[in-house]
Amino acid sequence: MKLNLVSCDAQRPDKRAIAKFIAEISTNMNESLANELTEILLEGDVVDIEIADKNTGSALRTLRKLDIDYEIVE
């Protein structure tokens, strides 16, 4: 499943938690790239990630917990 991470509405976003989540849930993603994508997201740009179908439910719950707005692409 492909997701567009649109924005983070948290007052004080936890960069480490967001980067860790992106690295763990995304397919073919290392920690360095996850950190870069987190910075891009927090600057206000859309980030495109792909997650394994088996992780969809937990991924969407975590996105809501981190106050990240997303769009389902596929």
Query raised in the report: Taking atom CE of Met1 and atom CD1 of Ile72, what is their separation to the nearest 0.5 Å?
Result: 4.5 Å
Query raised in the report: In terms of hydrophobic clustering (I, L, V, M, F, W, Y; side-chain heavy atoms under 4.5 Å; direct or indirect links), are Val46 and Leu37 co-clustered?
Result: no
Report task. Please report the closest heavy-atom contact between Leu66 and Ala17, naming both atoms and the distance. Result -> CD2-CB, 4.2 Å
**Report entry** Distance-minimising heavy-atom pair for Asn30 and Ala23
**Finding:** O-CB, 4.4 Å
Report task. Supply the atom-to-atom distance Cys8 SG to Ile68 CD1, rounded to the nearest 0.5 angstrom. Result -> 5.0 Å
**Report entry** Pairwise side-chain contact, Leu5 with Ile22, heavy-atom cut-off 4.5 Å (strictly under)
**Finding:** yes
Query - Rounded distance (nearest 0.5 Å) linking atom NZ of Lys65 with atom CG of Asp14 - result: 10.0 Å
**Report entry** Nearest atoms (heavy-atom pairs only) where Ile18 meets Leu41
**Finding:** CG2-CD2, 4.4 Å
Query raised in the report: Taking all non-hydrogen atoms of both residues, which atom of Leu3 and which atom of Asp48 are closest, and how far apart?
Result: O-OD1, 3.1 Å
Report summary line: Nearest heavy-atom contact between Leu63 and Phe21 is CD2-CE2, 3.4 Å
Query raised in the report: If you look at every heavy atom in Ser7 and Asp9, which pair is closest and at what distance?
Result: OG-OD1, 3.6 Å
Report task. Find the distance between CD (Glu24) and CE (Met29) and round it off to the nearest 0.5 Å. Result -> 12.5 Å
Query raised in the report: Is Glu31 paired with Lys20 through a side-chain N to carboxylate O contact shorter than 4.0 Å?
Result: no
Query raised in the report: Where do Lys2 and Ile49 land on the side chain to side chain contact (heavy atoms under 4.5 Å, CB included) test, with the steps shown first?
Result: CA-CA 6 Å; Lys2 290 186 180 183; Ile49 63 171; over 6 Å; no
Query raised in the report: Hey, quick one: are Val6 and Ile40 part of the same hydrophobic cluster, counting side-chain heavy atoms closer than 4.5 Å, chains of contacts allowed?
Result: no
